[in-house]
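In what follows, residues are counted from 1 in the order of the sequence shown. The basis for the numbers below is simple: all heavy atoms, side chains too, and nothing from hydrogens, waters or symmetry mates.
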Amino acid sequence: MAHHTLTLNYLPDGDFRPGTDVLGVETGDTISFKLGTAPPKSTFLITLDPKLFSPAEVKDSQTKVTVVKAAHTRYQCQLCDESGKPTTWGSGAQMEPAER
């Protein structure tokens with residue numbers, strides 16, 4: 001089981017997404033997200049498939065998501081203002097079963 005940390009960045013074209021387009025995971029791996037380049041006082045919201053990940057929402061860098069079942073799936077990224085209101089929907093990225 002591995003731990004993955006994904007950095008979320010707000011890009012000049014207005015997109016908000018992780019630095020990795022595809023992440024290979026195995027059942028039992030953990031994932032955390034951290035904010036990289038973004039406007040001051042920004043927060044984020046990550047939404048994952050609840051059948052595949054626990055928890056299915058992430059709002060901070062301290063939360064570790066566990067891969068319940070590795071599968072081909074996508075997740076969504078939202079950049080939020082300091083009050084938690086979404087300001088940008090990101091293109092997200094995908095996860096696939098790892099080939100280890």
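Without hydrogens or angle criteria, Asn9 side chain to Thr37 main chain gives a donor-acceptor distance under 3.5 Å. Thr30 contributes no side-chain N or O that, together with a main-chain N or O of Lys64, makes up a donor-acceptor pair within less than 3.5 Å.
Glu96 and Gln94 are linked by a side-chain donor-acceptor pair at a separation below 3.5 angstrom, with hydrogens and angles left out of the test.
Between Gly28 and Met1, the shortest heavy-atom contact is O-SD, 3.2 Å. Nearest heavy-atom pair, Phe16 versus Leu79, reported as atom, atom and distance to 0.1 Å: CD2-N, 3.5 Å. In terms of heavy atoms, Ala93 sits closest to Pro18 at CB-CG, 3.6 Å. The minimum heavy-atom distance between Pro86 and Cys80, with the atom names listed, is CA-SG, 3.9 Å.
Residues that satisfy the side chain to side chain contact (heavy atoms under 4.5 Å, CB included) test with Asp21, not counting sequence neighbours, are Arg17. Thr5 is linked by a side chain to side chain contact (heavy atoms under 4.5 Å, CB included) to His3, Ser32, Lys34, counting only residues two or more places apart in sequence or in another chain.
Here the SG-CG distance, from Cys77 to Leu6, works out to 8.5 Å after rounding to the nearest 0.5 Å.
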Requested in this report: Give the intermediate values and the outcome of side chain to side chain contact (heavy atoms under 4.5 Å, CB included) for residues Val68 and Thr27.
Outcome: CA-CA 6 Å; Val68 176; Thr27 299; over 6 Å; no

Kindly list each side-chain donor-acceptor pair under 3.5 angstrom involving residues 39-57, sequence neighbours excluded, with atom names and distances?
residue: Ser42; atom: OG; partner: Pro39; partner atom: O; Å: 2.7
residue: Thr43; atom: OG1; partner: Asp81; partner atom: O; Å: 3.2
residue: Asp49; atom: OD1; partner: Lys51; partner atom: N; Å: 2.8

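Contact check for Tyr75 versus Met95: side-chain heavy atoms found under the 4.5 Å cut-off.
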